[in-house]
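This report refers to the structure that appears directly beneath it.
Note: hydrogens, waters and symmetry copies are ignored here, and every other heavy atom, side chains too, is used. These numbers come from a predicted model, not from an experiment.
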Protein chains: 2
Amino acid sequence: MATKLNLDKLDMQIISEMMEDAQISYADLGKKLFVSGGTIHVRIKKLQEHGIVKGTKLNVDLKALGYDITAFIGVYLEKSSLYDTVAKDLQKIPEIVRLNYTTGNYSMFIEVVCKDINQLRYVLHDALQKIKGIERTETLISLEESFNRKVQVASNLA
Amino acid sequence: MATKLNLDKLDMQIISEMMEDAQISYADLGKKLFVSGGTIHVRIKKLQEHGIVKGTKLNVDLKALGYDITAFIGVYLEKSSLYDTVAKDLQKIPEIVRLNYTTGNYSMFIEVVCKDINQLRYVLHDALQKIKGIERTETLISLEESFNRKVQVASNLA
DNA sequence: ATTGAAAGAGTCTCAGT
DNA sequence: ACTGAGACTCTTTCAAT
């Protein structure tokens with residue numbers, strides 16, 4: 001997959017543009033970056049072959065779908081050696097969308113997306129309580145997401 | 001944008017499939033869901049018109065691009081009324097990809113993506129220190145991302 | 001609302017530079 | 001490595017159901 005690869009300015013510009021909008025046609029993107037559509041095509045193919053570009057995902061308005069609540073939960077483990085088994089159990093809870101193993105205050109840090117407070121309460125009081133090895137948890141409910149943007153990769157010139 | 005809309009099982013299935021892979025052709029997706037490509041097209045158009053589907057984004061392997069470090073930073077504000085001005089200042093720091101206003105331990109919670117520890121140190125010791133109104137911060141460095149998946153919307157049948 | 005077919009647009013390949 | 005044109009595939013529209 002990941003042979004080492006030199007990415008030039010054009011590669012980075014393509015990635016940067018398509019991280020925002022992956023539907024733009026090669027011809028249009030070529031115009032924007034002053035090359036032909038064929039060149040865009042070759043570059044994207046190269047990026048895909050090297051595993052840098054892994055595909056495209058639909059950008060969905062979760063609030064419009066009724067998923068109003070995002071919460072972050074810091075997890076304290078009884079022993080840090082329990083990480084792997086607890087991680088497996090957490091993965092079974094569908095409301096948990098992300099799990100990170102972290103340094104600092106918590107042993108692990110999870111993100112939860114729910115339709116309402118009842119569903120969040122269920123996750124916190126039922127689903128998580130059933131998992132062995134969790135000492136306690138600390139919940140941060142997001143009242144507002146001020147921004148959520150892509151990594152700014154465009155500053156790289158090579 | 002968001003007239004109230006009834007989404008049926010087919011709509012949810014389309015969303016669910018395309019959240020994973022937005023490149024699938026309407027014909028192929030139609031086969032998978034036992035309808036014609038034309039029907040897929042009509043549904044997606046409806047979802048776009050109602051703002052539920054907002055477009056597609058490139059799925060990029062950030063590690064392959066050299067962005068190895070994800071960190072979460074809990075921010076304590078001197079006064080919670082400072083939220084808006086601090087939020088504006090944080091948005092100017094390109095390494096910060098996400099900002100949430102939260103209940104619980106911290107006033108605000110941010111996610112940072114960096115290429116190396118030096119860049120993270122710069123964000124923590126220089127960029128953040130310059131911002132007025134932040135009392136202190138607490139950093140969680142992600143050692144491993146166990147999973148990061150989409151919201152599981154497919155259980156909805158209507 | 002869904003379908004199938006025709007028209008239009010985009011992707012992909014390749015020979016030439 | 002980039003280009004432009006031809007072949008191919010996908011999207012989009014639309015008349016019929």
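A/V151 and B/I73 are not part of a single hydrophobic cluster, where members link through side-chain heavy atoms under 4.5 Å apart.
Looking at A/N59 and B/V53, their side chains never come closer than 4.5 Å, going by heavy atoms from C-beta outward. Looking at heavy atoms from C-beta onward, B/M18 lies in side-chain contact with B/L29 at the 4.5 angstrom threshold.
Taken residue by residue, residues 21-34 of chain B places heavy atoms nearer than 4.0 Å to DNA chain D at B/S25, B/Y26. Taken residue by residue, residues 36-46 of chain A places heavy atoms nearer than 4.0 Å to DNA chain D at A/S36, A/T39, A/R43.
Residues B/F109 and A/F109 bring their aromatic ring centres within 6.0 Å.
The local environment of NZ in B/K63 is sparse, with at most 12 non-hydrogen atoms from other residues, nucleotides or ligands closer than 6.0 Å.
No hydrogens or angles considered: a donor-acceptor pair under 3.5 Å links the side chains of B/S146 and A/Y83.
Under the salt bridge (Lys or Arg N to Asp or Glu O under 4.0 Å) criterion, B/K92 pairs with B/D89, not counting sequence neighbours.
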